[in-house]
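Beneath this line is the structure, given in structure tokens, with notes to follow.
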Amino acid sequence: MNEPYDPKAIEERWRDFWREKGFFKADIEDTARKFYYLNMFPYPSGKLHAGHGRNYILGDAIVRFLIMRGYNVLNPMGWDAFGLPAENAAIEQGVHPRDWTWRNIEEFKRQFRAWGVEYDWDREIATCEPEYYKWTQWLFLKLYERGLAYRAESEVNWCPHCDTVLANEQVVNGRCERCGSVVERKKLTQWFFKITAYAQRLLDDLEKLPDWPERVKLMQKNWIGRSEGALVTFRSERGDPIEVFTTRPDTLWGATFLVLAPEHPLVEKLTAPERRAEVEEYRRQAARQTEVERLSTEREKTGVFIGAYAKNPVNGEEIPIWIADYVLMGYGTGAIMAVPAHDERDFQFALKFGIPVVPVIAPPSGVARSYLMRGTFQEGLKGALAGAGFDFEEKDGALYVTLAEKDRERYISLVQGYLKPGSWTEVVGAGWQFVFPDEVANVGSLEEERAVLAKCQELEPAVRERRTVAELLWGVEFYRELLFHAEYGEMINSGPLTGTPGDQAVRRTCEWLEERGIGRYAVTYRLRDWLISRQRYWGAPIPMVHCERCGAVPVPEEELPVLLPDVPFIGKRGLADIPEFVATTCPRCGGPARRDTDTMDTFVDSAWYYLRYISPNDEEKAFDSELVNRWLPVDLYVGGVEHAILHLLYSRFITKALYDMGYLSFDEPFKRLFTQGMITYPAYWCPEHHWIPPGEVGEGNRCPHCGTELQVQVLAMSKSKKNVVPPDELIAKYGADTERLYTLFMGPPERDIEWSEEGVRGAWRFLSRLWALITEQLPRIKDVRDPVAPEGLDRAGEALWKKLHLTIKKVTEEFEGRLGLNTAIAALMELTSALGEYLEGETVDVRLVREVVRNLILLISPFTPFVAEELWSRLGEGGSVLETPWPEYDQRALAAGEVEIPVQINGKVRARLRLPSAVAEDEEALQEAALADPVVQARLAGKQVKRVIAVPGKLVSIVVG
RNA sequence: GCGAAGGUGGCGGAAUUGGCAGACGCGCUGGCCUUAGGAGCCAGUGCCUUCGGGCGUGCGGGUUCGAAUCCCGCCCUUCGCACCA
């Protein structure tokens, strides 16, 4: 028996080989055939687990492929090294965050080496080093110079546990993304980056990114949240302008109240004295509320009337002003016009607080309804309705009429004649009309609404407690679904614009408003400015000084970096707890001043790091524009979807800002983006002992500590949930190649997939088989050097030869295209099996065996580089696989030989023909061959052939009667 | 609620200008080897079957010689956003 496959014996031999040979070093000056491959750099938080492999092993395989294809590959790695966990560890364990961080970095590097994952380590960067964050600070100053960094007081998201503010993006469902605490709202003076100035370009330029996943682009699009509409100025009774934003200016005539956000600055000024106490109370309550409470969707609307009125500029109506927390200060103008007839939220609010509703848009359905209460009409109406062709139902003596809008007038005049004195009915559809025996009244304005209500109440005591017409109609179930709709439609009850069709309504109204100077077309975005201040120690200090005389003064560029003070103790307030850091002198006037004690959000560090890799040791500038412009945009950027919004949007923003400043000649940093899925694994939860490592779980899913039955969930591997598989153990048991192979084989790389120990063994078995097969053949193929051509081969040989070349094609195309490396590996497994079968045949051509073995080794080397190098060196061709060109497939393999053609009869496969490809590719010959086949003939006996469809190279389909 | 992606054997998944459904791997079954095996090797493995064949890609329709793939209508799952005016 041959030497068994023993990864321990072979892997260590190659671990330093590639590095020593310099295969992964990019030639930075030569961009003729450059490829910038980039993995999102990690936060060094502890140890790598098998789940991380999804990203790094994939990247390593791609890079090895590219190197063999002859690319000059730039493939750097670094550390997103600032951040809260380092600081927390420091506070808990008394170690300096830098020491903690570097210890983790060393561990990560050891694990990369064990995996055979290689980088150009000369370009390593760590964002926590002064040599790096000096330039993060430089970036801040550049943005400040351009007016893109500013300081403002604002309501911020405050995490009480982390003692710091959070960006909107770091608040998930009202909770801190990191620790899960409920986020509070607090007013603080903070630094912001003006990303909103780039909102439109960030949105438009998504079009320039055809090689990004649609999903990611859509998420960014939603996040930016552009909406078009109009800004319209209402006026208070005293003439204060109140600007509102609306996407539905066509509903302006239906505005029956205004709502301001509780924090709106005008509230103070406008509130009537007698309403003040209640308004103040509501505002206090709103401020106290957490995001979670405020955002809970189920919540009933709340709000208070502030005792003031505003004039609707389009029709002069006086409408009440309310405050309510469903209006957000941070979006639009913080004030809305409420059109209850055409906005669901406004409708709920109006119904609850008894505010009138006036319909101003006809529903596109063109359907109207009318309800006739029992006893309100004379006998004979039913017959008349039926005779006139109206549709109605009768229930308990009441009539429910459904009519088309065009029949409205006809219906009204008919029904009016049958109403008993003192009764009425309504027609609810495109507008609401009340039909009395003596008149027809429309609800087309607030005035008319009052009049109709008054008349009804006079006639019918039972409706006297109804506050509005809407409330009255709401009492009739039959009308409810027609009282509010949010669709576009013909404008009604809208003064001069009445009759404007729905598809022109918004545009025409905007024009009309602009002509009169009442309002104008406007666009708003959901995107807010990027809050970058953090009250923490372990981050890049914001390079600003606060001087009593000069105000906020930037630290001069030549004084950078503003170093983090080297202190043994870190307080919870970060730099603000370190007096010797705070005290400084003003760079402008020389007087006493205080340093800004905020550090920057770590997303700032990672928003530009891909530029630094080009010249990581440059002491003169952040990056070398000339070289950066040649190497970027990054050709392929690979990372997790969790960064789809934050990191990627910020990086795009910073790139555009630097482009505008003239530092860059491109304005999108990442040409192609690939988001790999996560590896999941069962996680076990004990209510008392929390997360239990899967290895410790007892019989029947019991907690090893208390015996409680555990809850099992399949979740992304993560240290915090204790459901990780450590690579060290896998490598000790199976070797790194097996882990690499399984990681890439388990499924398409973009999908989330559950880790399986059995699957790992499958990969191991395959490698063992491959090893045995090749080492057995080595003695007889080692010295063979003659090339092989398909012509001289027998049938089995030709089939294998063909398989080889189809495999080369398949693997190459997966690497170059969609990265479905799982199917590439499947193809390599097939080729291996085919080789095994060939070797068991009668005649064996050693030239062909050598050719297959040689290419098999090369093709599999990106996946399993250790075993590939080992076998390659034993094959005796010399050199490394990494300096051997990637195999090219032979075109002839696509055409040569015989093919199998299925024959369908009435849609079912009834025969398979083996035909020379020349016949299979010729439509007529193919058809003839199919009809001549004995199996087919037997099937067709006694039946009439109606039609024959021969698809060259594919199949033959016969239709019989 | 809005938006997107997806639904294929016992499991992960293959197959997309419409052309042999289930590649490859796991698991399972049987056999071999072994003192033993949670190792390895070989064979089988979509379901049903009266062994002719029939049925099968979430469900129901449709287009087509032919549909996992295209069209219409539902159901379910996952993800993102969520009072955004």
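Quantities reported herein were computed from a predicted structural model and do not represent experimental measurements. Throughout, a chain's letter reflects where its sequence line sits, starting with A, and its residues are numbered from 1.
The main-chain N or O of A/Thr256 is never found under 3.5 Å from a side-chain atom of A/Asn312 such that the two would form a donor-acceptor pair. Under a 3.5 Å cut-off, the side chain of A/Lys8 and the backbone N or O of A/Gly735 do not form any donor-acceptor pair. Under the 3.5 Å distance criterion, the side-chain polar atoms of A/Asn855 are left unmatched by any main-chain donor or acceptor of A/Leu804.
Within the nucleic acid shown, A/Leu218 comes within 4.0 Å of sugar-phosphate atoms alone, with no base atom in reach, counting heavy atoms only. A/Asn822 comes within contact range of the sugar-phosphate backbone alone, with a heavy-atom separation under 4.0 Å but no base atom that close. Residue contacts for A/Val959: at a heavy-atom cut-off of 4.0 Å it reaches the sugar-phosphate backbone alone, with no base atom in range. Using a 4.0 Å heavy-atom criterion, one finds that A/Arg226 contacts no nucleic acid atom at all. Across all strands, A/Gln904 comes closer than 4.0 Å to base atoms (heavy-atom distances). A/Thr823 comes within 4.0 angstrom of sugar-phosphate atoms only, judged by non-hydrogen atoms across all strands, and of no base. Among the atoms of the strands shown, only primed sugar atoms or phosphate atoms (P, OP1, OP2) are found under 4.0 Å from some heavy atom of A/Gly762. Using a 4.0 Å heavy-atom distance criterion, A/Ser833 is classed as making no nucleic acid contact. At the heavy-atom level, A/Ile949 lies under 4.0 Å from base atoms of the strands shown.
Side chain to side chain, A/Glu830 and A/Thr807 fail the donor-acceptor criterion of an N or O pair below 3.5 Å. Judged purely by distance below 3.5 Å, without hydrogens or angles, the side chains of A/Asp250 and A/Thr509 never pair a donor atom with an acceptor atom. Side chain to side chain, A/Thr775 and A/Tyr5 fail the donor-acceptor criterion of an N or O pair below 3.5 Å.
Atom CD1 of A/Ile753 and atom P of B/G6 are 15 Å apart (whole Å). The distance between atom CG of A/Leu955 and atom C1' of B/A21, rounded to the nearest whole Å, is 14 Å. If you measure from atom CD of A/Glu840 to atom C1' of B/C42, you get 10 Å, rounded to the nearest angstrom. One atom, CE of A/Met746, and another, P of B/G12, lie 12 Å apart when rounded to the nearest Å. Protein atom CZ of A/Arg818 is 9 Å distant from nucleotide atom C1' of B/A15, rounded to whole Å. Atom pair A/Glu642:CD and B/C81:P shows a separation of 13 Å (rounding to whole Å applied). Separating the CG atom of A/Leu649 from the C1' atom of B/C81 is a distance of 15 Å, rounded to the nearest angstrom. Rounding to whole angstrom units, CH2 of residue A/Trp212 and P of B/A4 are separated by 20 Å.
Distances shorter than 4.0 Å separate none of the side-chain N or O atoms of A/Arg215 from OP1 or OP2 on B/G3. Distances shown here put every side-chain N or O of A/Arg765 at or beyond 4.0 Å from the OP1 or OP2 atom of B/C24. Phosphate contact (OP1/OP2 of B/G13, side-chain N/O of A/Arg751, threshold under 4.0 Å): present. Regarding contacts with the backbone of B/C11, every side-chain N or O of A/Ser756 stays at 4.0 angstrom or more from both OP1 and OP2. For B/G27, one of the phosphate oxygens OP1 or OP2 lies less than 4.0 angstrom from a side-chain nitrogen or oxygen of A/Arg761.
Taking the P atom of each, B/A15 and B/C65 are spaced 28 Å apart, rounded to whole Å. Comparing B/G27 with B/G12, their C1' atoms sit 11 Å apart, to the nearest whole Å. Taking the P atoms as reference points, B/U50 lies 43 Å from B/C72, given to the whole Å. Across B/C26 and B/A14, the matching C1' atoms stand 14 Å from one another, rounded to whole Å. B/A39 sits 36 Å from B/U57 when the P atoms are compared, rounded to a whole Å. Rounded to a whole angstrom, the distance from the C1' atom of B/G6 to that of B/C51 is 39 Å. Across the P atoms, B/U34 and B/C47 are found 33 Å apart, a figure rounded to whole Å. When the C1' atom is compared between B/G37 and B/G52, the two are found 46 Å apart, to the nearest whole Å.
Comparing B/C65, B/G80, B/A85 by their closest approach to the side chain of A/Met219 singles out B/G80. For A/Tyr326, the side-chain atoms get nearest to B/C83 when compared with the rest of B/A85, B/G25, B/C83. Distance from the side chain of A/Phe745 is smallest for B/G12 among the nucleotides B/G19, B/G12, B/A85. Of all nucleotides listed (B/G13, B/C26, B/G25), B/G13 comes nearest to the side chain of A/Pro748. Ranking B/G40, B/C24, B/A85 by closeness to the A/Ala826 side chain, first place goes to B/C24. Closest to the A/Thr247 side chain, of the nucleotides B/C83, B/G25, B/A85, is B/A85.
For A/Lys946 against B/C65, no side-chain N or O and base N or O form a donor-acceptor pair under 3.5 Å.
Comparing A/Gly225 and A/Ala763 along RNA chain B, the residue whose closest nucleotide (by nearest heavy atom) sits nearer the 5' end is A/Ala763. A residue-by-residue look at A/Phe766 and A/Ala335 shows that A/Phe766 has its nearest nucleotide of RNA chain B further toward the 5' end.
B/C74 is paired with B/G58 under the Watson-Crick or G-U wobble criterion, all donor-acceptor distances under 3.5 Å. In this structure, B/C81 and B/G1 make a Watson-Crick or G-U wobble pair, each of the two defining distances being under 3.5 angstrom. Using Watson-Crick or G-U wobble geometry with both donor-acceptor distances under 3.5 Å, B/U45 finds its partner in B/G27. A 3.5 Å limit on both hydrogen-bonding distances identifies no Watson-Crick or G-U partner for B/A67. When Watson-Crick and G-U wobble pairs are counted only if both distances are under 3.5 Å, B/A14 pairs with no nucleotide at all.
A/Phe353 and A/Phe349 have tilted rings, their planes meeting at an angle from 30° to 60° on a 0 to 90° scale.
In this entry the base of B/G66 is anti relative to its sugar, with a glycosidic angle more than 90° from 0. With its glycosidic angle more than 90° from 0, B/G60 adopts the anti conformation.
Using a cut-off of 4.0 Å between Lys/Arg side-chain N and Asp/Glu carboxylate O, A/Glu813 and A/Lys809 are scored as salt-bridged. Using a cutoff of 4.0 Å between basic side-chain nitrogens and carboxylate oxygens, A/Glu837 and A/Lys803 are not scored as salt-bridged.
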